[in-house]
Amino acid sequence: MTLSKFRLDGKVAIVTGGSRGIGKAIAIGLADAGAHVVLASRKLAGLEEAAREISRRSGVRVLPIAAHMGRMDDVKALVEHTEREMGRLDVLVNNAAANPFYGPIQKMEESIFDKIIAVNLKGVLYLSIYAADAMEKNGGGSIINMASVQAFRPEQGLGMYSVTKAGLVMMTRVLSKEWGPRGIRVNAIAPGLVQTHFSEALWKNEKFLSQRLGRTALGRMAQPEEIAAAAVFLASEASSYMTGATMLADGGSLNG
Ligand SMILES: NC(=O)c1ccc[n+]([C@@H]2O[C@H](COP(=O)([O-])OP(=O)(O)OC[C@H]3O[C@@H](n4cnc5c(N)ncnc54)[C@H](OP(=O)(O)O)[C@@H]3O)[C@@H](O)[C@H]2O)c1
């Protein structure tokens with residue numbers, strides 16, 4: 001086994017939510033391993049900035065595409081645009097997610113339920129379906145879903161988010177079973193608390209943070225870069241016998 005198994009030279013990857021945070025760190029990791037990368041999120045300006053930074057650093061092609069993961073037309077167009085511009089698709093990282101509500105689940109309005117399901121589950125499923133068709137043309141590929149430790153241990157106030165992440169873990173298992181024969185591997189990563197814009201309300205809340213770190217074996221939050229290597233591994237031939245799995249990267253918080 002050599003490190004060359006981790007290389008992704010000539011491969012094409014889509015990373016949703018690639019303009020910042022964990023998605024951007026993963027895009028940097030994939031580009032450093034040699035992959036050309038398509039960055040997708042809602043706002044083009046942030047994507048363009050990240051794309052310039054990553055291509056300058058790694059010398060690969062980085063294409064920014066604006067797409068809302070809760071809009072199925074955008075989801076379909078993202079794969080079509082990628083195939084047209086990059087010629088192929090090998091890796092999909094379903095990283096974008098929404099958490100539009102914090103509080104007791106009975107106070108959550110129906111429109112919020114629809115939004116969180118659309119972005120965190122429906123968009124992921126349909127993007128995976130279109131991506132799998134594109135990957136099959138080149139003999140297969142790898143899909144990586146960004147779950148969360150919340151899938152296994154719900155946090156007060158984040159109930160519906162946890163439901164969608166648990167759904168994503170099962171979606172990973174279902175798709176891996178159905179698509180293994182097509183040469184498509186589907187795995188997930190479940191991070192603990194990572195210091196990003198998304199989790200700002202949590203880590204800026206001193207009471208929450210000290211409680212959370214108190215039951216985290218490593219006693220600290222993660223930085224986005226600490227999640228990226230798991231995605232490079234799952235994207236590459238180094239993980240060729242892994243499918244349907246969820247890798248925990250939670251600093252030990254599930255056991256606390
Ligand atoms: N941070 C944590 O503690 C933590 C822990 C466990 C799991 N996660 C998961 O990790 C993933 C990334 O989170 P993060 O912490 O890196 O967040 P982040 O830094 O806030 O980045 C979120 C990214 O997603 C994009 N995005 C948001 N809504 C979108 C939508 N509807 N369609 C397309 N793109 C969208 C954002 O760009 P635009 O604004 O341009 O759309 C941005 O690029 C999420 O799946 C999250 O659930 C995070």
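When a ligand or atom number is given, it counts from 1 through the structure's own listing order. Heavy atoms only: backbone and side chains are in, while hydrogens, waters and symmetry mates are out.
- When atom types are taken as modelled, the side chain of Lys165 and the backbone of Met146 share a donor-acceptor pair closer than 3.5 angstrom.
- Applying the 6.0 Å contact sphere to NZ of Lys11 captures no more than 12 heavy atoms from other residues, nucleotides or ligands.
- Heavy-atom contacts from other residues, nucleotides or ligands closer than 6.0 Å to CZ of Phe152 number more than 12.
- A donor-acceptor pair is defined here as one N or O able to donate and one able to accept, closer than 3.5 Å; no such pair exists between the side chain of Trp179 and the backbone of Gly140.
- Applying the side chain to side chain donor-acceptor pair (under 3.5 Å) test to every pair with at least one member in residues 103-123, sequence neighbours left out, gives these pairs: Asn120-Thr164.
- For ligand 1, the 4.0 Å heavy-atom shell takes in Gly17, Gly18, Ser19, Arg20, Gly21, Ile22, Ser41, Arg42, Lys43, Ala67, His68, Met69, Asn95, Ala96, Ala97, Val119, Met146, Ala147, Ser148, Tyr161, Lys165, Pro191, Gly192, Leu193, Val194, Thr196, His197, Phe198, Ser199, ordered by chain and residue number.
- Side chain of Thr243 to main chain of Arg185: no donor-acceptor pair is present (N/O by atom type, distance under 3.5 Å, no hydrogens or angles).
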